[in-house]
Amino acid sequence: MDNRPIGFFDSGLGGLTCIPFLHEKLPNEKIVYYGDTARTPYGSKSIENIKQFSTQIVEYLVSHDVKLIVIACNTVSATSIDLLKEKFPEVPIIGIIEPMAKKIADIGKNTDKFGVIGTKVTINSGVYEQKVKKYNENISINSLACPALVPLIEEGITNNEIMDLTIKYYIDDFKKKKCINKLVLGCTHYPIIQKNIERLYPDMELLNPSEEVINSVSNILEEKGMLAESNDRRNLCYASDLSENFLNMINLFFDKESVDTDIMKFYD
Ligand code: DGL
């Protein structure tokens, strides 16, 4: 048993899409979340900056005595996981891509046409293709960067025509040309627009890495005997900028009494 919190982080509010799955699967676990809302999006930044920002965040989460850290960001997982594991060997660190890649390798059939959408950095890294191939050589994935989606989601522009047009701008041709029948939401912001994508493409199955990573967290904590027991610790959610939309998301995913929110910046 281990009642210490689990650390989660993302460039912004996207990583919070893991929380409903955490609450469902592991209701006793408490978290410390960091969203780098002042420096989002990471997906169009240099790898050098992403490594620097994510190192600052992991150092901060480690200072909260977390028992495990989830990189709830595909962009950081794609570029910085090896560095972070090397710099912080004292805490298990799980990236969001590996569990999804294993799942694709397990469920994939020869007739499937997988697609993955994500940030420029994630897609340019080719990490989904490489990791899936490692587990199952017969499956290939087509990838597409959708850089305008994250800024719109961070602005809360989701349930409207602008978002639908932006989704169609990216996905219409991709889906048609590559005959995609299963689409991986390869950015933790995208589950927020999952309903839009489902409505626009009802024949395409969507796969959500935020759900897979929680299954993986559950297995690891159980194996290590580190599951929490019921406790009245509060969840802590930090952001480098407490934007209105970040706070809206916190209110959506947590009861008011169970969470404290604060601002935390690593620069002046
Ligand atoms: N939510 C993040 C991801 O999963 C990053 C989005 C961004 O900051 O560009 O890749």
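Order of appearance sets the numbers: ligands from 1, and atoms from 1 within every ligand. Everything numeric here is computed off the predicted structure, so don't read it as measured data.
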Can you name the atoms of ligand 1, numbered from 1 with element, that are less than 4.0 Å from a heavy atom of [X]?
X	answer
D10	1 (N), 2 (C), 5 (C)
Y42	7 (C), 8 (O), 9 (O)
T40	8 (O)
S11	5 (C), 6 (C), 7 (C), 8 (O)
T75	3 (C), 5 (C), 10 (O)

Do [X] and [Y] share a hydrophobic cluster (ILVMFWY, side-chain heavy atoms under 4.5 Å, transitive)?
X	Y	result
I81	V217	no
F114	I97	yes
Y42	L16	no

- Query: So, Y34 versus F266, ring centres under 6.0 angstrom or not?
  - Reply: yes
- Message: Please report whether the ring centroid of Y238 lies less than 6.0 Å from that of Y60.
- Response: yes
- Does any N or O atom in T122 lie less than 3.5 angstrom from one in ligand 1, N or O only? no
- Query: Would you say H189 and ligand 1 have an N/O pair spaced under 3.5 Å apart?
  - Reply: yes
- Item | Any donor-acceptor N/O pair, T188 side chain to A72 backbone, under 3.5 Å | yes
- Have a look at G15, G14, G43 and point out the one with the heavy atom closest to atom 9 (O) of ligand 1. G43
- What protein heavy atom is closest to atom 3 (C) of ligand 1, reported as residue, atom name and distance in Å? N74 N, 3.3 Å
- Hey, are N181 and D112 close enough side-chain-wise for a donor-acceptor pair under 3.5 Å? yes
- Has G12 got any heavy atom lying under 4.0 angstrom from an atom of ligand 1? no
